[in-house]
Visitor: 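Before anything else, here's the structure in question.
Protein chains get the first letters and strands the later ones, always in sequence-line order, with residue 1 at the start of each. Computed over heavy atoms, backbone and side chain alike; hydrogens, waters and symmetry mates excluded.
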Amino acid sequence: MALRVGCAAPPGRALDNKTGAWRVFKPVFDPETCSRCGMCAMVCPEGCVHETEEGTFEPDLDYCKGCGICEEVCPKKSIRMEKEEK
Amino acid sequence: MAEVEQGCELFSAGHRACGGCGPALAARLLLKATGKNVIIAASTGCMEVFSTPYPETAWGVPWIHSLFENVAAVASGIEASLKRQGRSEKVVCIAGDGATFDIGVLCISGAFERGHDITYICYDNEAYMNTGIQRSGATPYGASTTTSPAGKCSSGNLLPKKDMPGILAAHGAPYVATASIAYPNDFVQKVERAINTPGPCYIQVHTPCCTGWGFESGETLAMAKLAIDTGLWVNYEMVDGKVVKAKKVRRKPVEEYLAKQKRFRHLFKPARRDDVIANIQAVADANAERFGIDIKAKESSE
Amino acid sequence: MLEFMEGSHAVAEIVKRCRPQVIAAYPITPQTHIVEDLAQMVANCELDAEYITVESEFSALSACLGASAAGSRVYSATTSQGLALMFEVCFNVAGMRQPIVMTIANRSLGAPLSIWNDQQDSISLRDSGWLQFYAEDNQEAVDLHMIAYKVCEDHDILLPAFVCFDGFILSHTYEPVALPSQEEVDAYLPAFTPYQRLDAEKPLSFGMYATPEYYTEFRYETDQALYRAKESFIKAGREFGEQFGRDYSTLVEGYRLEDADTALVAMGSICGTVKDAIDEMRDAGKKVGLLKIRTYRPFPAPEIADALKGVSTVAVLDKNISLGGGGAVGTEVKAALYGSGAAVYDYIIALGGRDVRKRDIAAVVDLAEKGKGDMFYGLRTEVL
Ligand SMILES: Cc1ncc(C[n+]2csc(CCOP(=O)(O)OP(=O)(O)O)c2C)c(N)n1
Ligand code: SF4
Ligand code: SF4
Ligand code: SF4
Ligand SMILES: [Mg+2]
């Protein structure tokens with residue numbers, strides 16, 4: 001790919017960087033207890049928590065860094081951090 | 001394009017911020033508030049670095065970075081150009097506390113004096129994080145940083161946090177607000193209000209940095225909330241120079257906030273520094289007094 | 001039609017006719033008359049531009065960068081301390097490939113403080129990636145602004161340019177100037193079409209950082225663009241000549257060089273004095289000529305070597321000093337002539353407004369022909 005004049009670039013390419021590889025703990029979401037409040041999706045610094053068709057939520061593990069913020073804010077304690085199996 | 005597939009995530013995943021980064025969340029929320037019709041001008045610092053290694057930009061809106069200290073001037077030029085062209089994009093600066101409180105003051109003062117229609121957002125993580133946690137004018141009293149280290153004869157940063165919102169309100173800014181990622185919707189609403197207020201507006205958003213402050217990455221929002229609950233951070237709005245609204249709290253002692261962060265560890269170990277803790281409590285008390293945030297007087301203090 | 005006017009006013013008039021949409025500048029002697037004139041033109045609605053009264057030169061160029069990135073043709077002017085304050089932004093603008101044109105009313109740099117002319121300011125930014133054009137007189141200053149916009153905005157180039165003219169000596173001097181009309185300028189310089197711009201319809205990130213994998217290639221690309229600017233300048237200069245009858249299709253210009261044994265090399269207004277001195281020396285039978293450098297960046301090294309073929313002695317007049325390293329132009333001319341057999345000497349001259357007369361030029365030629373050079377010329381040893 002030719003260099004773009006002036007070190008400019010169009011959007012999209014950050015997604016090439018799969019930050020899920022950084023993870024030590026992974027969030028496990030329990031749809032049973034989820035109240036569908038959406039807090040987890042709102043506060044994830046990666047923006048990688050998505051609503052499922054059922055209206056509950058799940059993380060995109062390609063990008064989730066396992067920071068644990070979602071676990072911390074979930075009012076229903078529906079998210080639990082588990083040691084990542086490597 | 002990829003950001004469209006992601007649903008309306010204009011600040012995309014794949015950026016290189018530390019896990020649990022407060023500023024990264026602020027960037028996401030910022031774009032939720034602005035939507036697509038915006039041009040972002042950024043300063044050098046953590047957010048710029050973690051979001052734009054060529055060619056992997058995380059920004060789904062037009063974005064420009066020039067230098068550490070000139071974002072307000074760059075935005076002035078963008079605004080003037082858009083005005084000339086009759087274009088409708090909003091111009092928003094996003095800059096760290098170092099870029100804002102210290103090295104960029106000249107450009108900010110000029111831009112606010114001239115009254116450009118821009119919104120300037122300072123993401124305040126209370127030090128120069130990108131270069132390794134050095135002190136800035138936003139570093140709170142008592143915090144240990146790599147250039148204001150605690151040591152045998154120092155208890156860390158001895159200078160108070162600069163009143164940047166007050167300085168910008170004094171420039172005649174029509175809207176000045178503080179916000180916190182602990183209250184995402186409030187931050188989003190304040191950004192919406194600022195970009196829809198003609199003239200230069202300023203928002204300072206508290207964005208805890210787990211790496212620089214020394215706490216677990218999952219506690220970022222909890223830390224932001226504790227800052228508010230202790231009165232060390234106050235969420236308020238100023239319209240035409242007058243405080244019109246401040247978030248009220250049932251205040252907790254500052255110790256609860258301090259004890260959870262490595263940057264204040266020297267206040268507890270090897271020996272308790274009650275004098276310094278009392279001084280920090282006095283900062284919170286003064287904030288509470290100035291902004292009238294107490295729901296009811298705390299029993300423990302004074 | 002020739003009009004008798006001050007250099008700064010002539011520059012302001014031509015800038016107006018180049019239709020910048022955003023102007024950001026900060027006053028500094030001897031640039032002030034240009035920006036005052038432009039402010040008045042905006043105030044009179046003669047010029048339809050945003051004039052940003054910035055609080056510093058640092059902000060002036062930063063605002064120009066933003067405006068240029070957003071898609072406007074922009075203009076600024078400065079000199080000396082102001083340019084030094086812009087140092088960081090200058091490198092940034094070039095690396096971000098913004099086609100900004102800025103007039104430099106050349107002035108010395110402190111300390112000691114001096115408001116008078118030399119070329120230390122722009123030459124100190126030779127590594128920044130800006131094209132640098134030097135005018136010999138006010139007519140050339142006027143013409144070079146039009147050419148500069150054309151070269152800078154060429155989508156194959158996309159670089160910023162300094163149009164340099166000597167402070168006071170040109171900026172504050174009244175000379176007859178042919179000012180192209182608005183229609184003529186419009187015919188020569190098309191409306192600005194940005195190569196890429198900040199635009200919500202087509203988002204781009206500008207000014208990203210480059211890892212070691214990419215940094216060298218970006219620097220290479222910018223360097224290449226400067227070299228390509230030679231062709232672009234020659235073309236724009238030729239077109240200028242075709243339209244206006246004043247030809248600028250060369251990066252260097254020889255004066256009575258044909259059979260010269262000794263050549264002076266110089267940039268800017270000093271060339272006028274040198275030409276007069278050469279005429280006198282020629283009358284006295286000395287085979288002396290001048291090579292004037294018009295584009296200091298890109299540096300016309302092969303063009304210089306070509307023009308000075310057959311010359312045995314070269315005397316470079318440097319209105320700057322790279323402290324601890326000699327004159328900047330001389331150093332590069334020596335490199336350009338390496339292996340040619342010519343003896344090249346450098347003279348630091350006319351610093352901080354020190355007047356240069358014809359007899360000084362003759363004295364320099366004498367020194368060079370005696371093999372004495374690489375020195376400050378005309379040092380007042382009595383005050384040392
Ligand atoms: C003129 C200049 N001085 C110093 C630096 C080095 N530098 C880069 S970012 C930075 C600190 C940024 O601090 P802040 O604005 O608070 O942003 P943060 O990294 O904390 O997000 C410094 C000192 C620079 N890039 N430019
Ligand atoms: S925060 Fe918890 S309860 Fe709310 S949507 Fe997410 S998982 Fe469900
Ligand atoms: S652990 Fe962190 S990165 Fe992963 S989904 Fe939760 S908030 Fe997002
Ligand atoms: S150091 Fe702090 S501000 Fe910087 S990326 Fe890490 S968490 Fe974010
Ligand atoms: Mg910071």
Visitor: Going by residue number, which parts of residues 55-79 of chain C are within reach of chain B, meaning a heavy-atom gap below 4.5 Å?
Guide: C/Glu55, C/Ser56, C/Phe58, C/Ser59, C/Ser62, C/Ala63, C/Leu65, C/Gly66, C/Ala67, C/Ala69, C/Ala70, C/Gly71, C/Ser72

Visitor: Is the shortest side-chain heavy-atom distance between B/Pro55 and C/Tyr214 below 4.5 Å?
Guide: yes

Visitor: Got a sec: does the OH of C/Tyr209 have more than 12 other heavy atoms crowding it under 6.0 Å?
Guide: yes

Visitor: If the contact rule is any heavy atom under 4.5 Å from chain B, which residues of residues 87-99 of chain C qualify, in numerical order?
Guide: C/Glu88, C/Val89, C/Asn92, C/Met96

Visitor: If you count every heavy atom of other residues, nucleotides or ligands that lies below 6.0 Å from C/Glu201 atom CD, does the total exceed 12?
Guide: no

Visitor: In Å and rounded to the nearest 0.5 Å, what is the CG to CG distance from C/Leu85 to B/Leu106?
Guide: 8.0 Å

Visitor: Tell me which pairs pass ring pair (Phe, Tyr, Trp, His ring centres under 6.0 Å) where either residue lies in residues 20-55 of chain C, with sequence neighbours left out.
Guide: C/His33-C/His172

Visitor: Would you mind telling me which of B/Ala41, B/Ser76, B/Ser81 has the largest number of heavy-atom pairs within less than 4.5 Å of chain C?
Guide: B/Ser81

Visitor: Do other residues, nucleotides or ligands put more than 12 heavy atoms under 6.0 Å from the NZ atom of B/Lys83?
Guide: no

Visitor: Looking at every non-hydrogen atom in both residues, tell me the closest pair between C/Ile52 and B/Arg114 and how far apart they are.
Guide: CG2-NE, 3.4 Å

Visitor: I'd like to know if the side chain of C/Glu50 and the backbone of B/Ala80 have a donor-acceptor N/O pair within less than 3.5 Å.
Guide: no

Visitor: Is it the side chain or the backbone of C/Leu198 that comes within 4.5 Å of chain B heavy atoms, both, or neither?
Guide: both

Visitor: Compare every heavy atom of C/Arg197 with every heavy atom of B/Gln85, then report the nearest pair and how far apart it is.
Guide: OE1-NH1, 3.0 Å

Visitor: Among C/Ser205, C/Ala24, C/Ala49, which residue forms the greatest number of heavy-atom pairs with chain B at distances under 4.5 Å?
Guide: C/Ser205

Visitor: Let me confirm one number: the OG1-CD distance from C/Thr53 to B/Glu113, rounded to the nearest 0.5 Å.
Guide: 7.0 Å

Visitor: Is it the backbone or the side chain of B/Val49 that comes under 4.5 Å from a heavy atom of chain C, or both, or neither?
Guide: both

Visitor: Using non-hydrogen atoms and a limit below 4.5 Å, what part of residues 62-70 of chain B faces chain C?
Guide: B/Pro62, B/Trp63, B/Ile64, B/His65, B/Ser66, B/Leu67, B/Glu69, B/Asn70

Visitor: Between B/Ile39 and chain C, with a heavy-atom cut-off of 4.5 Å, which part of the residue counts as in contact: side chain, backbone, both or neither?
Guide: side chain

Visitor: What part of C/Val54 gets within 4.5 angstrom of chain B, counting heavy atoms only: side chain, backbone, both, or neither?
Guide: both

Visitor: Report the distance from atom CZ of B/Arg84 to atom CG of C/Asp48, rounding to the nearest 0.5 Å.
Guide: 4.0 Å

Visitor: Taking the ring of B/Tyr54 and the ring of C/Phe218, is the distance between their centroids below 6.0 Å?
Guide: yes

